Amino acid sequence: MPNPPQYCPTPRELDDLELLVTGALAPLSRFDEPGSPVTLTLPDDVAAPAAEAGAVELVDPEGLPLARVNVPGGEVEALTHVQYGPFRRHYLSPAQVREAYAGRTFVPVTDALTEAQVEDLRALGPAVLLAYVGAGTPALSPVGLIRASLAAADLLADAAVVAVPLAAHGDAELDHQLGVQVAHTYAAGDPVHALAEPADDAYPPSIAAIVDFDRPEPADQGLVLFFTGLSGSGKSTLARALMDRLLEQGTRTVTSLDGDVVRRNLSAGLTFSKADRETNIRRIGWVAAEISRHGGVAVCSPIAPFDETRQQVRAMVEDAGGAFFLVHVATPLEECERRDRKGLYAKARRGEIPEFTGISSPYEDPADADVRVDTTGRTIDDALADVVEALREAGYLDLSAGFETVAAQPPQPADASSSTTRDPRLVEEGELAPVAKPAEQPLKVLFVCTANICRSPFMEVVARKLAGPDASVTFASAGTHGFRDHPMDEVMGGTLAGRGAEVGDFASRAVTRQMVDEADLVLTAEAAHRTFILDDQPAAFRKVFTIGQFAEAVRAADTSLAGRELVRAVGDRRGTADAMLDVADPYRRGPEAAEQAAVGIEELLRVIIPRLTGRA
Ligand SMILES: Nc1ncnc2c1ncn2[C@@H]1O[C@H](COP(=O)(O)OS(=O)(=O)O)[C@@H](OP(=O)(O)O)[C@H]1O
Ligand SMILES: Nc1ncnc2c1ncn2[C@@H]1O[C@H](COP(=O)(O)OP(=O)(O)O)[C@@H](O)[C@H]1O
């Protein structure tokens with residue numbers, strides 16, 4: 001006889017299995033008893049080998065074998081008991097409960113207890129709260145319900161909490177009967193007390209705090225913003241614009257899961273077949289759901305052409321406690337094809353790209369979109385306003401406030417003799433508006449590398465030399481992992497001599513938030529340094545660049561721009577911080593590596609400094 005195949009069942013089936021094994025579902029002792037909702041459904045590719053082997057081995061999501069189940073028949077032979085998971089010590093079998101708590105009153109609990117319900121229980125004497133935490137049941141998460149039940153037990157004279165993974169089976173009547181039956185199995189003749197329906201949601205303070213944490217207000221909930229639509233419809237453009245606003249507001253952590261970008265890393269190697277597209281979207285969904293579990297915002301912008309896969313993502317996110325907000329970028333095919341930004345539609349029409357969405361592969365319009373935006377003939381800001389408004393109405397995010405307020409302010413005089421220079425963009429986009437600076441303040445540039453002893457001091461010293469004594473630009477440097485008061489590395493310092501520059505009384509230091517806040521421009525040696533800073537201060541993204549990235553942007557920028565205007569223009573149209581443009585670390589690699597780094601940095605500074613000082 002062949003070995004039974006392994007199969008990881010659904011969360012509902014896993015819960016049923018646990019209760020079958022502990023005897024909590026008695027008289028049920030196996031799956032698939034006629035008329036019972038406790039069923040096990042094997043997919044075709046498992047059912048056939050299971051029938052041949054006469055059994056299937058059920059494993060948990062990590063592959064731990066839990067039980068062997070006869071096929072057909074459904075009888076269960078336990079192999080291992082799950083030992084992990086929060087509050088595992090409260091998951092007791094009826095036999096264990098008999099031993100510890102015989103003689104008490106048993107109370108099934110499916111939600112946080114209100115003041116009135118706790119009061120009702122006070123009269124009962126010693127009690128056991130049976131927290132029904134199975135898949136699909138509790139109004140709170142399983143952990144939330146156990147915590148809330150423990151908090152209720154604390155308010156009672158003598159109450160214990162037992163977690164019972166009794167799942168919902170999609171039939172309210174049958175599930176109710178099962179719940180009553182399980183309570184009586186645990187009680188084994190002791191009284192069972194049914195709680196009265198709550199008349200209100202007045203919770204005792206300790207329970208209210210748990211409910212608030214478990215069921216956050218929409219504005220505090222993790223959020224997945226999912227843009228779906230044809231290629232060229234405007235998903236990435238709108239998603240990016242929305243992310244910029246979120247970052248500028250600075251109140252949420254944001255992760256982008258753009259279709260093209262995901263396909264270069266997370267989904268590298270996948271094709272555009274239906275199966276691979278589904279895999280791609282489920283991967284995006286999985287990552288996004290995890291982000292939402294931790295209260296973050298994930299902004300996804302794949303085509304996601306299939307309704308069923310989008311529904312799966314919605315379910316994954318909601319199971320993780322996040323909110324799912326679907327934006328259908330409903331720009332019609334004709335307009336997307338007219339734009340044909342990447343020339344893909346032309347190729348698809350010529351038959352050079354098989355299975356191209358909208359041409360030779362379907363796009364299923366969502367019926368469950370939270371907002372639908374056709375970008376045809378509209379500006380990006382205008383189209384974005386629809387999304388911002390829908391998010392505000394749904395209570396998830398309010399990105400409108402600052403923008404409206406400031407846009408409504410009277411325009412500032414564009415008088416060159418005025419004592420302040422204002423960033424027009426910042427005036428338009430509210431929250432950052434108070435950054436008006438006296439015109440005569442020098443532009444502050446901060447160079448950042450790792451330890452602030454090789455690359456960044458070299459940048460600082462050489463930049464100062466190139467700028468000359470009268471420039472209205474100041475230079476400083478710091479390290480992401482810099483030690484205090486170390487001198488410049490001797491080998492790197494040696495490269496200064498041939499350039500007629502001197503290190504002076506330099507002392508290393510670690511970069512701080514304040515330094516970044518005060519700087520007008522932060523130039524890092526590597527993309528990793530930039531990420532280090534922006535992870536902590538995401539709102540600084542318009543002024544933190546790698547030195548290579550900034551030099552590239554300066555080369556491409558309008559030659560009439562200088563100083564602050566130049567920094568601003570680069571910030572608005574920044575390219576990517578490609579690691580290819582990094583200045584490699586020469587530390588402890590000898591004089592040759594130091595000279596190579598010096599030459600590379602000097603070349604970049606010769607592009608940047610004349611433009612910053614306005615003497616190009
Ligand atoms: N056959 C075919 N069909 C559709 N799109 C194609 C295809 N081949 C390559 N591309 C490019 O890949 C981008 C879409 O990838 P996605 O991961 O978003 O697609 S999907 O959600 O898995 O269907 C899509 O990018 P966007 O234009 O940003 O949508 C295209 O540039
Ligand atoms: N109102 C608008 N909203 C979004 N994009 C627009 C709008 N009007 C024109 N476009 C242009 O349409 C193109 C959309 O491309 P992109 O955002 O990459 O789409 P997708 O990610 O859906 O493939 C961009 O060139 C963008 O500038």
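Indexing begins at 1, ligand by ligand and atom by atom, following the structure's order. All values reported here derive from a predicted model rather than from experimental measurement.
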Protein contact to atom 24 (C) of ligand 2 [nearest heavy atom, distance to 0.1 Å]
Arg341 CD, 3.1 Å

Within ligand 1, which atoms have a heavy atom of Pro305 less than 4.0 Å away?
21 (O), 23 (O)

Between the candidates Phe306, Phe227, Phe272, Phe356, which shows the shortest non-hydrogen contact distance to atom 12 (O) of ligand 1?
Phe272

Ligand 1 contact by Ser360, heavy-atom criterion under 4.0 angstrom:
no

Option of least heavy-atom distance to atom 21 (O) of ligand 2 (set: Gly377, Ser236, Ala241):
Ser236

Of the listed options (Gly232, Ala239, Ser301, Cys336), which comes nearest to atom 20 (P) of ligand 2 when hydrogens are ignored and any heavy atom counts?
Gly232

Considering all heavy atoms, the nearest Leu17-Leu58 contact:
CD2-CD1, 4.0 Å

Looking at Arg349 and Leu333, what are the two nearest heavy atoms and their distance?
NH2-CD2, 4.2 Å

Any idea which protein heavy atom is nearest atom 3 (N) of ligand 1, and the distance to it?
Arg277 NH2, 3.1 Å

Distance-only N or O hit between ligand 2 and Ser233, under 3.5 Å:
yes

Any salt bridge linking Lys342 with Asp260? Criterion: basic side-chain nitrogen under 4.0 Å from a carboxylate oxygen.
yes

Residues Ala569 and Leu561: closest non-hydrogen pair is CB-CD1, 3.5 Å

Output for pair (Gln249 CD, Leu399 CG), nearest 0.5 Å, gives 5.0 Å

Within 45° cone and under 6.0 Å: Arg263 NZ/CZ vs Phe272 ring:
yes

Classify the ring geometry between Phe356 and Tyr345 as parallel (under 30°), tilted (30 to 60°) or perpendicular (over 60°).
perpendicular

Just distances here: any N/O of Ala383 and N/O of ligand 2 closer than 3.5 Å?
no

For the atom pair OG1 (Thr309) and CZ (Arg314), what is the distance rounded to the nearest 0.5 Å?
13.5 Å

Taking 4.0 Å as the limit for heavy-atom contacts, which would you say applies to Thr357 with ligand 1: side chain only, backbone only, both, or neither?
both

Using a strict cut-off of 4.0 Å, indicate which atoms of ligand 1 neighbour a heavy atom of Glu355.
1 (N), 2 (C), 3 (N)

Any chance CD of Glu364 has more than 12 other-residue heavy atoms, nucleotides or ligands included, within less than 6.0 Å?
yes

Thr379 neighbourhood, listing ligand 2 atoms whose heavy-atom distance to it stays under 4.0 Å
1 (N)

Residue, atom name and distance, where the atom is the protein heavy atom closest to atom 27 (O) of ligand 1:
Ser231 OG, 2.5 Å

Can you tell which part of Asp258 has a heavy atom less than 4.0 Å from ligand 1: side chain, backbone, both or neither?
neither

Note the single closest protein heavy atom to atom 26 (C) of ligand 2, along with its residue, its atom name and the distance in Å.
Thr237 OG1, 3.7 Å

Taking side chain as C-beta onward, heavy atoms only, is Glu278 less than 4.5 Å from Gln312?
no

Going by distance only, is there an N or O of Lys342 that falls short of 3.5 Å from an N or O of ligand 1?
yes

Using a plain distance cutoff, I'd like to know if Gly234 has any nitrogen or oxygen under 3.5 Å from a nitrogen or oxygen of ligand 2.
yes

For atom 30 (C) of ligand 1, closest protein heavy-atom neighbour:
Leu344 CD1, 3.5 Å

Which atoms of ligand 1 have any heavy atom of Gly259 under 4.0 Å away?
17 (O), 18 (O)

I need the atoms of ligand 1 closer than 4.0 Å to a non-hydrogen atom of Gly232, numbered in the order shown.
27 (O)

Residue, atom name and distance, where the atom is the protein heavy atom closest to atom 6 (C) of ligand 2:
Arg339 NH1, 3.9 Å

Distance-only N or O hit between ligand 1 and Ala304, under 3.5 Å:
yes

Which is it for Ile281 and ligand 1 at heavy atoms under 4.0 Å: side chain, backbone, both or neither?
side chain

Any atom of ligand 1 sitting under 4.0 Å from a heavy atom of Lys235?
yes

So the atoms of ligand 2 within less than 4.0 Å of a heavy atom of Arg378 turn out to be 1 (N), 2 (C), 7 (C), 8 (N)

Donor-acceptor side-chain pairing of Asp374 and Thr376 below 3.5 angstrom:
yes

Atom 15 (O) of ligand 1 has as its nearest protein heavy atom Arg263 NE, 3.3 Å

Enumerated ligand 1 atoms positioned under 4.0 Å from heavy atoms of Pro354
1 (N)

For Glu335 and Pro332, indicate whether the former's side chain and the latter's backbone hold a donor-acceptor pair under 3.5 Å.
no

CG/Leu238 to OG/Ser233 distance, rounded to the nearest 0.5 angstrom?
8.0 Å

So the atoms of ligand 2 within less than 4.0 Å of a heavy atom of Leu230 turn out to be 22 (O)

In the protein, what heavy atom is nearest to atom 20 (S) of ligand 1, and what distance, to one decimal place, separates them?
Asn280 ND2, 3.8 Å

Quick one: nearest non-hydrogen protein atom to atom 28 (O) of ligand 1, plus distance?
Asp260 OD2, 3.0 Å

Short list, please: which atoms of ligand 2 are under 4.0 Å from a heavy atom of Ser231?
23 (O)

At what distance is the nearest protein heavy atom to atom 18 (O) of ligand 1, and which residue and atom is it?
Ile303 N, 2.8 Å

Tell me whether the rings of Tyr396 and Phe325 are parallel (<30°), tilted (30 to 60°) or perpendicular (>60°).
perpendicular

With rounding to the nearest 0.5 Å, note down the distance linking OG1 in Thr524 to CG in Leu446.
10.0 Å

Sub-4.0 Å atoms of ligand 1 with respect to non-hydrogen atoms of Pro302
18 (O), 21 (O)

Proximal candidate to atom 3 (N) of ligand 2 [heavy atom criterion; set Thr228, Thr375, Asp340, Asp260]:
Thr375

Considering only heavy atoms of Ile353, which atoms of ligand 1 have at least one such atom less than 4.0 Å away?
1 (N)

Please confirm whether the backbone N or O of Val516 pairs with a side-chain atom of Lys543, one donor and one acceptor, at under 3.5 Å?
yes

Can a donor-acceptor pair be found, under 3.5 Å and without considering hydrogens, that links the side chain of Gln549 to the backbone of Leu581?
no

Can you tell me if Glu352 has over 12 outside heavy atoms packed within less than 6.0 Å of its CD?
yes

CZ of Arg252: more than 12 outside heavy atoms within 6.0 angstrom?
yes

